[in-house]
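The next block holds one structure in the form of C-alpha cells; read it before the comments.
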Amino acid sequence: MALHIFNTLTGKKEPLQPRNPPRVTAYICGVTVYDLCHVGHARAYVSFDVAVRFMRRRGYDVKVIRNFTDVDDKIIARANKDGVPAADVSEKFIKEFNVDMGALKVQPVTVEPKVTTHMPQIVALVQKLVERGSAYVVDGVGGAKDVYYSVDSFPTYLKLSGRSKEDLQAGARVEVDERKKDPLDFALWKSAKPGEPSWDSPWGKGRPGWHIECSAMCLEHAGPTVDIHAGGRDLIFPHHENEIAQSEPVNGAPLATLWMHNGFVNIDNEKMSKSLGNFFTIRDVLQRVSPDALRYFLLTTPYRGPINFADTLLDDAERRVETLYESRRRAAEYVLQNAPEDGPGYREVVKGTKAEGMLGAGIGNLFDEAMDDDFNSARALGVLADAVRFANTLMDGKESELLGKKLPPKTRARLVRGIWEELAGIIAVLGVVDEDPAGYLDRLRARRCARHGIDATWVEQRIAARAEAKARKDFAAADAVRAELAAKNVVLKDSATGTRWSVEDRVAG
RNA sequence: GGCCAGGUAGCCAAGCGGUUAGGCAACGGUCUGCAAAACCGUCAUACGCCGGUUCGAAUCCGGUCCUGGCCUCCA
C-alpha cells in the first residue's frame, strides 16, 4: 500500500500523488511571531516533522516551506505594550521559535519565508486580484486606501470547510463594516494608522491583511499548486479558505492538492487557550520532561484527532521513553558482549513460530504500513513496542516460549542486532529514542536529582558502602543502604557489571 | 441555531465488517542474597444507548444521549 493522507478538502484518505515525483512540495502555515510557542504549536510542528521525515523515508524529495508571519495586529499590539518597535518583537520571537523547534528536534525546513521579505509579491498579488475584480478598494486611514476581497467573486468560497455563507452569518459574530460589500469580505491590504509599520503600495502606505501573505509566499516558493498545504484545524476557516479564494482565481489552479490539518491539544478535556488560563508553553513543558517524552506523548495519538494534555500522561510518556532507552542501551551492550554470528535474520527465525504474526512481516514493513495509513503514529508505536519486547525476550534468554526452542547467545545477539538496526530507521522518523542512550539517561537522572535534591556523589558513596557490605556478605547492611536510598527515590539496579542507579519520579513532582 | 470531531476494559490509546493492537496501573509468576529492570500470565470475548442491515458489527445504516470544537484571533 502506498502512503495515504487524509485530505480535508475531500474528507477522505487519498494516496499521495505529487505533481512531479519524487519531488513533494509542502507548505506548512507557520506562526505569527508575537509570543512564545505553546504545546499546540509543538503538536502541529512535531506532527508535520514526522510526516516529512516519513515521506523522505519513503523516497520522496520533500521541499518544506514554513513561513513566519512577522507583520500582524498582534505583533503591533505587543510592541506597543512593550514600548519597542514591532520588528524587535517579531525578531525576538522568531529566535525563540527556533530555540523551541531545535529543542523538540524538529528538523529544519527548506525555506522559511517572512512577510517582510515578500512585500513586492504580496502587493503584486493584491493588484492582480483588484484588476480581475476579485477585490475592491475603499477609503482607509489618512487618504490611503484599504483593499477588500470580495467573497461573492469566488463561487466555490467555503469549499474547504464545507460551510455556507448563510451558516457563517447565522453565527452573527461577523463585524459590521459599512465599507464592505459583504460582511464576509476580508482585508487584503490595510492602510497604516500612525505609528504602525507600513510599506508603500499603489494604495498608499499600508500593510497586508492576515491571509494574503501565505498565498503570496506559497506561490513564490511552491508555484501555483503545492502538493500539500498544512496547518492546525483552526486554520481551515477562515485562514485556508481565504488563501484558496485569493490564490485560485489568479493562479488558475488549485492552491493545494492535499490539505492536512492537525487536531487540537486540550487541557483537561478543554481547549487550551490563553483566556482560560490553561496554557503551557513548550519551554514550560520541557522544564518538566524531556523533548523525547513530549514527542512520544504527541505521537501516542494520530495527529488528526484531539489529544488531551495532562502531567500524568506526560510523565507516563517519559517513563516509557526511559524504558526504551534502557532497552536500547542494553541491546548495544548485549551485542558487544556476545559477538553475534552471521546467519539468517529474525524474520526467518520467527517463521512458523508464535512470534511470526507479530514480526514476521518485518519491523520496517510493519512500521511503514502503519505510517502509510495517514501517518498513524499510534500504530507505529505499537510496532516499536512489539519489536523491543521481542529483543528483550531474547536478551533475557526466554525465547523458547515464543520460538519453541532456546537459542545460543551468539544467535540471540545476531537477532537483537538485526532488530535494532531496523529500529534505527523507525526512531529516526519518529525522532524519539534516537539519541545516545547513556547521554539521555544521564541527563534524565541529573534532572531528577536536581528536582529531588539528591547529591549524585553521595549516592555513589552509599553504593560503594553497600558493595563493601555485600562483599563481606553483610546483607542486612546492604539492604539498609537500599532502603536509605529508596527513601530518596533512588532505585538501585544490580547487574553483572556493577550497580546502576536511577531516580524514580512517581512521588512528589 | 448551523457545521465538525469524538465516546473502546481501572487509565491512555489503535482497530473501523470475520483472525491477540500497544502502553500504563494492579495482581500472580520467572529471574534475583534481597531488589530493580526485563520477560510470561491475569485483568480482556471491551467497544455510550436503542433499533436495523448481514451468515457475522466495536466496525455499515437510522435514531438517541453525552463530551469537545468551529461559526471572532488562534497550531
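Letters go in sequence order (proteins before strands), and every chain restarts at 1.
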Exercise. For rA35(B), what is the paired nucleotide under Watson-Crick or G-U wobble rules, both distances under 3.5 Å?
Worked result: none
Exercise. Hey, is Lys92(A) close enough to Asp82(A) for a salt bridge, meaning N to O under 4.0 Å?
Worked result: no
For this session: Output yes when at least one side-chain N/O atom of Lys354(A) is less than 4.0 Å from OP1 or OP2 of rU20(B), else no.
Result: no
For this session: Give every residue pair that meets the side-chain hydrogen bond (donor to acceptor under 3.5 Å, both in side chains) criterion with at least one member in residues 355-368 of chain A, sequence neighbours excluded.
Result: Arg57(A)-Asp368(A)
Problem set entry | Side-chain N,O (Thr312(A)) to OP1/OP2 (rC24(B)) below 4.0 Å | no
For this session: Rounded to the nearest angstrom, tell me the gap between atom NZ in Lys165(A) and atom P in rC3(B).
Result: 18 Å
Problem set entry | With Ser161(A) via side-chain contact (heavy atoms from CB on, under 4.5 Å) - residues at least two apart | Leu158(A), Arg163(A), Ile236(A), Phe237(A), Glu241(A)
Side chains of residues 382-389 of chain A: which donor-acceptor pairs under 3.5 Å do they make with residues two or more places apart or in other chains?
from      : atom 1 : to        : atom 2 : distance (Å)
Asp386(A) : OD1    : Arg389(A) : NH2    : 2.6

Seminar exercise, completed: Contacts of Asn80(A) meeting side-chain contact (heavy atoms from CB on, under 4.5 Å) (sequence neighbours excluded), chain-then-number -> Ile76(A)
Distances under 3.5 Å only, N/O to N/O: pair up the protein atoms with those of nucleotides 30-33 of chain B.
from    : atom 1 : to        : atom 2 : distance (Å)
rU30(B) : O2     : Lys398(A) : NZ     : 2.3
rG33(B) : O6     : Arg466(A) : NH2    : 3.2
rG33(B) : N1     : Asp479(A) : OD1    : 2.9
rG33(B) : N2     : Asp479(A) : OD1    : 2.8
rG33(B) : N2     : Asp479(A) : OD2    : 2.4

Exercise. OP1 or OP2 of rC24(B) less than 4.0 angstrom from a side-chain nitrogen or oxygen of Arg320(A), does that happen here?
Worked result: yes
Exercise. Any Lys/Arg nitrogen of Glu326(A) or Arg329(A) sitting under 4.0 Å from an Asp/Glu carboxylate oxygen of the other?
Worked result: yes
Contacts under 3.5 angstrom, residues 468-476 of chain A side chains, donor-acceptor by atom type, not counting sequence neighbours:
from      : atom 1 : to        : atom 2 : distance (Å)
Lys470(A) : NZ     : Asp494(A) : OD2    : 3.3
Asp474(A) : OD1    : Ala477(A) : N      : 3.2

For this session: Would you please name every residue forming a ring pair (Phe, Tyr, Trp, His ring centres under 6.0 Å) with Phe309(A), sequence neighbours left out?
Result: Phe280(A), Phe297(A)
For this session: Check the distance between rA75(B)'s P and Met101(A)'s CE and give it to me in whole angstrom.
Result: 11 Å
Between protein and nucleotides 12-17 of chain B, what N or O pairs are separated by less than 3.5 Å?
from    : atom 1 : to        : atom 2 : distance (Å)
rA14(B) : O3'    : Asn376(A) : ND2    : 3.0
rG15(B) : OP1    : Asn376(A) : ND2    : 2.6

For this session: Using the test salt bridge (charged side-chain N to carboxylate O under 4.0 Å, His left out), find all partners of Arg283(A) that sit at least two apart in sequence or belong to another chain.
Result: Glu96(A), Asp100(A)
Exercise. Among all residues two or more places apart in sequence or in another chain, which pass the side chain to side chain donor-acceptor pair (under 3.5 Å) test with Thr353(A)?
Worked result: none
Problem set entry | Stretch residues 385-392 of chain A: residues that reach within less than 4.0 Å of RNA chain B through a heavy atom | Ala385(A), Asp386(A), Arg389(A), Asn392(A)
Exercise. Quick one: ring pair (Phe, Tyr, Trp, His ring centres under 6.0 Å) partners of Phe68(A), sequence neighbours excluded?
Worked result: Phe97(A)
For this session: Report the base-pairing partner of rC43(B) (Watson-Crick or G-U wobble, both distances below 3.5 angstrom), or none.
Result: none
